[in-house]
2 protein chains.
Amino acid sequence: MATVSRTLAGNYPVSEETRTRVMAAVASLHYVVNVHAKALSGRVAGPVALVIKDITGPSLAHVAAGVEQEAADRGRLSLVCATHDDPAREDDLVQLMREQHAAAVLLVGGAVPGEAYDRRMAGYAEALDAAGSRLVLVGRPSPAPDLPLTVVDYDNRGGAFQAVSHLLAHGHRRVLFLGGEAGMSSAEERRAGYRDALRAHGVDHHGDLDTIGTYTRTSGYARTRDALRDGPEFTAVFAASDMVALGALAALREAGRDVPGDVSVVGFDDVPFATDLTPALTTVRVPYAELGRTAVRLALSSGEAPTGEDHVVLGTQLIIRQSVRRLTW
Amino acid sequence: MATVSRTLAGNYPVSEETRTRVMAAVASLHYVVNVHAKALSGRVAGPVALVIKDITGPSLAHVAAGVEQEAADRGRLSLVCATHDDPAREDDLVQLMREQHAAAVLLVGGAVPGEAYDRRMAGYAEALDAAGSRLVLVGRPSPAPDLPLTVVDYDNRGGAFQAVSHLLAHGHRRVLFLGGEAGMSSAEERRAGYRDALRAHGVDHHGDLDTIGTYTRTSGYARTRDALRDGPEFTAVFAASDMVALGALAALREAGRDVPGDVSVVGFDDVPFATDLTPALTTVRVPYAELGRTAVRLALSSGEAPTGEDHVVLGTQLIIRQSVRRLTW
DNA sequence: GGACGGATAGAAAACGATTACTGTTCGATC
DNA sequence: GATCGAACAGTAATCGTTTTCTATCCGTCC
């Protein structure tokens, strides 16, 4: 037994003849080591766990791809789990990952911040840290400093600011904001960016232009249709996600409004087909794959370096295409 | 030790007082079982492994979502691995999954059939079967009967037949086919469906209308642009994937050809945003999520039922939208 | 009142690796 | 020619559970 183990590991002198015999036996028996036994004694590199609301979203799929790639490069497997927005499921999964001895647990996607949230995250962080794992919050608010966790976020507020500034710089003054759900961190940040931009350009904020809803095509469609029908007046739309922008474009088309002739539209996410819409959608690019890669990189190196980075914010970039036009009176 | 194990498993009488003491200790120590130790003795449900070329593609993400959901419903975790089309990596992953004691290994996406392919799949099937796992080929050719593997495929040929028949029924006779790579199973089947439809409608097959390329936007764009510039003449395009259709639409728009006024277009896959293109794309819907769910279901029940199904073909459906119009002379 | 059996709890043997010890062999050194 | 150490092979402890076996206690039943 010992000799076989040493032959396969190659960390101990084994005579050429023995090595050959072992290899022959391994081949003829189709032997493969048992990870469980291996993990019980020697050290085994634990998997990286990706806990996500839903893998289907075009942007989240890119996060997953980044995670998988970086994990694979470092010899780790990737576990992917969907929560479908159920906090109880999230609790279970963190527990499960502790059992699995995951090297890192990545919680991806916006959340509703608050005391309850902070408590939950603190609990996760402590529990995982005690088990030698690492909690990483990706695109989620940071609960409190001094917790053993890593945060990898992107600049929601800045991205929204750029997008709205772009519209304002083109002369638009009445910008319909199709925002996300109230309370959700990323939605609130994008909303804050929208308001920042208005303020920076000295434009009054109109409450009825500042709408709340989900990041779905349906919601974008309904809100745009309602605004077109019942007011308020607007000459531009800032959709807090490209899916919402899709709905807005559909509603505008249906109402016979030309984009960008009559109404300008800016989205958020830069989904792959944004450039294939008519008109090609001006939107805010979020480095989703990079987000996933960074999360894994920081998590796996957090053990080594004593003073590794544990809070990173990636930048966003406005991608200018054809859905915005200067407003002329 | 025994008592703790029994208390947590709840499969043996334990006095109320002992149970309380155990639970208190578990809570105060933040104890969680070690899966590895558990797997070594008692039985543990192994994970489901999804081996895929690239998670980013909109259709593959849906397969992944289906797999994850069905696996989670059955209490399994999902491992996701990307091969980036590297056969050596595929070999490694199958080996790795054997070590991991995966309950099922799903190989997803087209492949180049042939003797080499058959031999590789046979090797995988035997090796996994010997380890108590199950190989599932999803959307891939079936190598040979009587191998311990499951095939879950969808009707590429029938879907293509429907799509092209739809165009022919609308009077089109010169249909540019933007096919996939030569040799790839799914691409060849869609090509066969294209030719079937031509034959069924008594339309001659023109070799120069029957093109080969990759399933990318770029390839669709280049081939359509070249055809517009150098011939052959065509009044309709059948793109073997929606990404290719995207490229075709871009090239047509650029050339000032109206869709569907001048040229009709049909795609394949029904990606989520197909309905948001201008015009909304008529395309063939493939039940990707269902494919993933079915694969997991069959794999996990293959052990139980002695005569379970081990070869399933799911149907496809033509989704008629606005990118096809009757050809008038 | 002793035999029997149900309810509990502990002891010990797996599960399949890794690795610190022990041994053995054999060439080199003084 | 005895000693030493390098090269290699085998023994046994260990990792953390689960699951037989045993063992104890006690109430029941004749």
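- Nearest to the side-chain atoms of A:Ala2 among the listed nucleotides D:dA12, D:dT17, C:dA17 stands D:dA12.
- Using a 4.0 Å heavy-atom cutoff across all strands shown, A:Val14 reaches sugar-phosphate atoms only and no base atom.
- At the heavy-atom level, A:Ser5 lies under 4.0 Å from base atoms of the strands shown.
- Between the C1' atom of C:dG16 and the NZ atom of A:Lys38 lies a distance of 12 Å, rounded to the nearest Å.
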Query raised in the report: Yes or no on side-chain hydrogen bond (donor to acceptor under 3.5 Å, both in side chains) for B:Thr150 and B:Arg134, after CA distance, side-chain angles and deciding distance?
Result: CA-CA 8 Å; B:Thr150 300; B:Arg134 182 84 183 175; 2.9 Å; yes
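- Nucleic acid contact for A:Arg6: base, since at least one base atom lies under 4.0 Å from a heavy atom of the residue.
- As a whole-Å value, the separation of B:Glu99 CD from C:dA17 C1' is 12 Å.
- The interatomic distance linking A:His36 (NE2) with C:dT18 (P) rounds to 14 Å, in whole Å.
- Nucleic acid contact class of B:Val44 (heavy atoms, under 4.0 Å, all strands): none.
- Rounded to an integer number of Å, the gap from A:Leu40 CG to D:dC15 P is 9 Å.
- In terms of phosphate contacts, B:Thr18 brings no side-chain nitrogen or oxygen within less than 4.0 Å of OP1 or OP2 of C:dT8.
- Distance, B:Glu17 CD to D:dC25 C1': 15 Å, rounded to whole Å.
- Regarding B:Tyr12, its OH atom lies at a distance of 10 Å from the C1' atom of D:dT19, rounded to whole Å.
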